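Here the structure is laid out as structure tokens; the discussion comes afterwards.
In the text below, chain A, chain B and the rest are named by the order of the sequence lines, each starting its count at 1. Being a predicted model, the structure only gives us computed values, none of them experimental.
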There are 2 protein chains.
Amino acid sequence: MAFSIGELSRRAGVKVPTIRYYEAAGLMPPAPRSDGGQRRYGRADAERLTFIRHARELGFEPEAIRELLDLTAHPEQSCATIDAIAARHLREVERRIASLGRLRDELARMIGECGHGRIGDCRVVETLADHAHCAGEHP
Amino acid sequence: MAFSIGELSRRAGVKVPTIRYYEAAGLMPPAPRSDGGQRRYGRADAERLTFIRHARELGFEPEAIRELLDLTAHPEQSCATIDAIAARHLREVERRIASLGRLRDELARMIGECGHGRIGDCRVVETLADHAHCAGEHP
DNA sequence: TCTACGATCTCTAGCGACTAGAGGTTCAAG
DNA sequence: CTTGAACCTCTAGTCGCTAGAGATCGTAGA
């Protein structure tokens with residue numbers, strides 16, 4: 001039920017030094033220690049760390065991840081607070097899904113044309129380059 | 001038709017020093033210079049840079065972005081090469097869309113429960129923490 | 001044409017998020 | 001017990017930017 005940092009590393013797919021870094025950075029809680037001073041972890045830590053890894057791979061910044069983790073950690077805070085934070089992240093997530101959807105379609109089209117012996121022209125750049133209007137981001 | 005780095009910065013939503021950094025890093029081609037040595041850009045540069053920004057926001061590493069840009073830049077390379085690279089990115093993009101979809105559903109559920117006066121428990125962590133099986137990533 | 005001043009130039013240094021290594025301690029299988 | 005892999009802390013390095021410093025360019029207005 002209690003396992004080492006190496007085991008946690010294997011379960012979550014996050015390198016050992018990175019786990020220690022996340023603890024120092026406040027993304028992971030300070031782990032309880034064995035008599036000899038080594039960190040001990042449980043299932044919840046593996047889940048939390050796996051979430052952090054996925055969120056990082058998806059391009060979320062540590063600050064955003066912290067907020068998402070807080071949603072889980074403090075369900076007692078007001079509905080309005082949760083709603084505002086969740087809604088903001090929801091909009092962001094939907095933007096990303098839309099962008100990735102366009103990229104997926106373009107990649108699929110290229111592969112399809114390849115199969116028919118044509119070297120189709122590639123519009124990967126145009127695919128994500130347009131839609132500059134989805135911005136409203138840089139003040 | 002030819003504009004400055006500041007103008008490019010505004011069009012693409014990327015800071016001026018970052019543009020110079022991308023040039024040094026090889027993500028942007030070396031820009032032609034004015035008589036006085038200032039960089040001059042065209043429409044294609046703005047598109048490319050906007051693509052880079054979007055791809056970075058979506059969590060793609062510079063190396064992956066370089067590959068995607070190369071797909072566009074060298075349509076003359078063999079079908080097999082293009083197919084392999086595009087297929088790999090397609091799988092990755094689909095994984096991300098699936099992950100984001102789960103996160104979106106969970107955020108939407110929380111907001112929905114908020115609206116009905118309940119402070120629903122938050123499962124955002126579980127949402128992305130499971131599915132460790134989609135790994136095959138860390139050797 | 002001259003001038004002023006904002007934009008651009010290069011260069012160096014700093015920061016956030018890791019990552020790698022040195023040197024020493026702990027744990028657990030034998 | 002012993003011993004070697006795994007852990008500890010600490011420092012230093014890398015990558016992707018970001019923020020000055022000090023000098024030069026370019027253009028609008030007198």
Could you work out, with side-chain contact (heavy atoms from CB on, under 4.5 Å) as the rule, every residue matching [X], not counting sequence neighbours?
| X | answer |
| --- | --- |
| A:P17 | A:K15 |
| A:A98 | A:R102 |
| B:E61 | none |

**Asked** Hey, where on DNA chain D does chain B first and last touch, going 5' to 3'? Cut-off is any atom under 4.0 Å from a heavy atom.
**Response**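 Span of nucleotides near chain B: D:dG16 to D:dG26.
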
**Donor-acceptor contact present, side-chain B:R53 to main-chain B:A12, <3.5 Å** =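 Pair found, side chain donor or acceptor close to backbone of B:A12.
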
**Prompt:** How would you list all residue pairs meeting side-chain hydrogen bond (donor to acceptor under 3.5 Å, both in side chains) that involve residues 16-32 of chain A, not counting sequence neighbours?
**Reply:**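 For residues 16-32 of chain A: A:E23-A:R39.
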
Salt bridge (charged side-chain N to carboxylate O under 4.0 Å, His left out) with [X]: which residues, sequence neighbours excluded?
| X | value |
| --- | --- |
| B:E92 | B:R95, B:R96 |
| B:E67 | B:R88 |
| B:R40 | none |
| A:E63 | A:R66 |

**Message:** Counting only heavy atoms and a strict 4.0 angstrom limit, can you tell me which residues of residues 17-39 of chain A come near DNA chain D?
**Reply:**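 Of all residues in residues 17-39 of chain A, the ones placing a heavy atom under 4.0 Å from DNA chain D are A:R20, A:R33, A:G37, A:Q38, A:R39.
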
**Request:** Could you pick out which residue, B:R56 or A:S4, lies toward the 5' side of DNA chain D when each is mapped onto its nearest nucleotide?
**Result:**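 Between the two, 5'-proximity favours A:S4.
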
**Item:** Nucleotide interval of DNA chain C bounded by contacts with chain B (heavy-atom cut-off, under 4.0 Å)
**Value:**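 Contact boundaries, 5' end first: C:dT8 to C:dT10.
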
**Request:** Could you tell me which residues satisfy side-chain hydrogen bond (donor to acceptor under 3.5 Å, both in side chains) with A:R91, sequence neighbours excluded, listed by chain and number?
**Result:**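 None.
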
